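In what follows, a structure is listed as structure tokens, so that the remarks can point back to it.
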There are 2 protein chains.
Amino acid sequence: MTTAVRKVQNRNQARLLRLLRDRGPLSRAELTDAVTLSKSKVAVELDRLTAAGLVQDAGQAASRGGRPSSLVRLWDGLRFAGIDVGATSINVAITDGGLTTLAQRQGDIDVSQGPEVVLRAASQMVRDLRAETGTESLAGIGAGVPGPVSFSEGFSVVPPIMPGWDKYPVRDRLSEEFDCPALLDNDVNIMAVGEFHAGAARGIGTFMFVKLGTGVGAGIFVDGHVHRGVDGSAGDIGHIQVHDQGPVCACGNIGCLEAFFSGAALRRDAVLAAQEGRSPFLAARLAERGALDVLDVADAATAGDPVVIAMIREGGRHIGEVLAKLVSFFNPGMIVIGGGLSNLGGTLLAELRGTIYRRSLPLATRNLPVVMSELGDSAGVLGAVRMISDHVFSHDPALRMADVRELA
Amino acid sequence: MTTAVRKVQNRNQARLLRLLRDRGPLSRAELTDAVTLSKSKVAVELDRLTAAGLVQDAGQAASRGGRPSSLVRLWDGLRFAGIDVGATSINVAITDGGLTTLAQRQGDIDVSQGPEVVLRAASQMVRDLRAETGTESLAGIGAGVPGPVSFSEGFSVVPPIMPGWDKYPVRDRLSEEFDCPALLDNDVNIMAVGEFHAGAARGIGTFMFVKLGTGVGAGIFVDGHVHRGVDGSAGDIGHIQVHDQGPVCACGNIGCLEAFFSGAALRRDAVLAAQEGRSPFLAARLAERGALDVLDVADAATAGDPVVIAMIREGGRHIGEVLAKLVSFFNPGMIVIGGGLSNLGGTLLAELRGTIYRRSLPLATRNLPVVMSELGDSAGVLGAVRMISDHVFSHDPALRMADVRELA
DNA sequence: AAACTTTTCCCACTTACTGGTCGAAGTCGC
DNA sequence: GCGACTTCGACCAGTAAGTGGGAAAAGTTT
């Protein structure tokens, strides 16, 4: 363990680090090819990175007919932590520098208990995982929480159903406690980052991630970057009004999208269908277990229960109608569906696709894949570590998008 | 007139040129302060720009208590042309390097006559304006046409009601004819650029421009850049379905937003109200002139005609309901309303604001101005020249956003 | 006219990076 | 086993970009 300043000094070092993160150990020659720099320059920067303890030697590669390359890789002890706080659960992972998960843990929480309680639980989980993986120090922590987040300030802003979280300095608390850089974002955004990094949207710079969970939200990628909007509330589509009348939403309004279809709405409708005897399958399950969740509904659909299937189709149609409008507006290259309700599988996906393709312009949908999340529950933590590693593996964190774009 | 290579050689020259464009003549000292470069470097680059014929001396400034500055400005003979093709009209302007309009001309066309006819008319107008302003050569041409455009390829793609335009190489034709760089974009996008450059959205990097004209469309700005979407169809909100039933749209579908409210829809409804005797004001106008347009409707509203006012309010509500959904999704910093229907004035704006504020989340609307276009008919041509001047005043046009962003 | 202010020109110096050369370290053919 | 060939990495001189100090230039103020 070096005690050197573990800091990226320039743009070239940042590029090299991200190459090593994304492509694994590479030789100096391969790195020279990948970045447009001379071998001398690459060698110099690698020496500096090695001295800074960010990079290390990785032995010899097999010869390709000449002198064998000596491989270079990210420092073996580099560790990132990701924290994905949901409404009722928390997911924590520790990865190495290449963002391979070394250990992961899930726990039940109630986000309404406030930031102190939740952060205490999260910290404990991180500490446990550190012990488990023999992690001495963390290079960075990424975290996501439900509801609108001020990314630049690192805290939640007026979260609807999360008392005590408003302006609570989550990012700075994490940064202090673990003595490393930290970033906080909306949970849907980090899931979108996850799918972009290692999931269905790999290489698709402009896409929408739609989370159908307890609530409904979207993560928006524009040219490889999260679009957060001016107040950090972009993607907040759960409370779009889809009807004048309809069920009352948790937010107090009437006709919100997530009052028609979401984890909460589906549970409500499922229990009703069971109690009213419209779905024998769900009635049996309810009697058996005393409650119903998304998996019960999915099972009922698989078993061919017509009422349940109709329920899913109607919900999918509501979501699809909103997405169709957003597709016309935004013209994304892909839509990724995630969150708990993605367990509803093919029935839901078919309805979504049908509605979106039927209601949007042909030009905007002719190349528009609508697919399920590839990462499932891990999308959030993976996105969180990707987000913080992008940050750590960048030159001057102060020099951000806005400034760089101006140059072009 | 120099015959030197009039070409920007590096990023610093690009920055200097844009400074001179946006802030007018400046002294070397002021330029040094504005860019973060040493005075020596600024002097060297200015010399090169002068040699390239892009920049020239502009005499002495008044002394501020010491040696007076010698001012530098863009070459006096720099000229940009902007072409804004609408469904029924065409607008052309020639500006100097600082994007001040030197001459402007408007003409009536029918875009359905095809690109050959329209481009011939446009070229003639540009030639007329060149003669009028004594312009020897153009430094660049920006143009906008209705419907989806492939920006990178420089032509329209599957435009709904524009036979013959599909894949017709508009950009390259202009570039060849006038022997200068040219860019082609969607007409709504260039209007948005215009409002960003010199209109209501000055300094607001993330906003929506909504054109309510013959059709309905939106221009989307994200962090100071136009968002065109993966197929160039972003902002195509006119055919969003707002109802299961309703008037048949020109696109063949039912319930499209612009079938409910647009220039075409309003004319239709106005004539109907006149013929059915519901609006005495419009009936009189129709009898008097044989036809009705937006200005007649505006006059009727000003005169207090209750049926017309209700008509505008209902239309505004339809637009507002769609915008409210998009605001929740996109979280812009401003909405600018333009196009012919903005002549409807306060009645329309009030209804839009009311609907948007009522139906979107408080967080996304608490800082959301909804304002009328400041540039009116000139937004398009001004945006077009701004677009092409950004292009000409940039280093390597090949090195574009995607690449630059990757560095950060 | 002297003192002061501000700008511009000039030049030595640093920094970032390039690209060629050469030895090191392997494989391959015989 | 040895020389020819290939590939890699270290070294180093050279270059382009940019910095920053100093002096001259060209005004104003006293």
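Reckoned from all heavy atoms, side chains included, excluding hydrogens, waters and symmetry mates. As the structure is a computational prediction, the values presented were derived from the model and not from experiment. Throughout, protein chains are lettered first and strands after them, A, B, ... in sequence-line order, and every chain is numbered starting at 1.
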Residue mapping more 5' on DNA chain C - nearest nucleotide basis, A:Arg67 or A:Asn12: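 Per heavy-atom nearest nucleotide, the more 5' residue is A:Asn12.
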Phosphate OP1/OP2 of C:dC9 contacted by B:Arg28 side-chain N/O (<4.0 Å):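 For C:dC9, OP1 or OP2 has a side-chain N or O of B:Arg28 closer than 4.0 Å.
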D:dG9 OP1/OP2 closer than 4.0 Å to side-chain N/O of A:Ser70: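 Affirmative; the distance criterion is met.
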Looking at every heavy atom in both [X] and [Y], which two are closest together, and how far apart are they?
X        : Y        : value
A:Arg171 : A:Glu153 : NH2-O, 3.4 Å
B:Ile204 : B:Gly333 : CG2-C, 4.1 Å
A:Leu184 : A:Val149 : O-CG1, 3.7 Å
A:Leu16  : A:Val35  : CD2-CG1, 4.0 Å
B:Ala384 : B:Ala143 : CB-N, 4.1 Å

Check: B:Asp223 main-chain N/O paired with B:Thr206 side-chain donor or acceptor under 3.5 Å: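 Such a contact is found between B:Thr206 side chain and B:Asp223 backbone.
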Rounded interatomic separation in angstrom, taking CG from A:Leu26 and P from D:dC8: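 Taking CG of A:Leu26 and P of D:dC8, I get 13 Å after rounding.
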Atom pair distance, as rounded to whole Å: CG in B:Asp47 and P in D:dG18: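 Interatomic distance, CG of B:Asp47 to P of D:dG18: 15 Å.
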Relative orientation of the end axes in the helix from C:dA1-D:dT30 to C:dC30-D:dG1, expressed as an angle to the nearest 10° (five pairs per end):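 Nearest ten degrees gives 0° for this helix.
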Working for side chain to side chain donor-acceptor pair (under 3.5 Å), residues A:Arg21 and A:Ser389: CA-CA 9 Å; A:Arg21 176 192 67 185; A:Ser389 87; 2.5 Å; yes
DNA chain D-proximal residues of residues 29-45 of chain A, any heavy atom under 4.0 Å: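 Correct list: A:Ala29, A:Lys39, A:Ser40.
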Sugar-phosphate only, base, or nothing, as touched by A:Asn10 at under 4.0 Å among non-hydrogen atoms: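 Touches nothing.
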Aromatic B:Phe393 / basic B:Arg18 pairing, under 6.0 angstrom, 45° off normal: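 No, B:Arg18 and B:Phe393 do not form such a contact.
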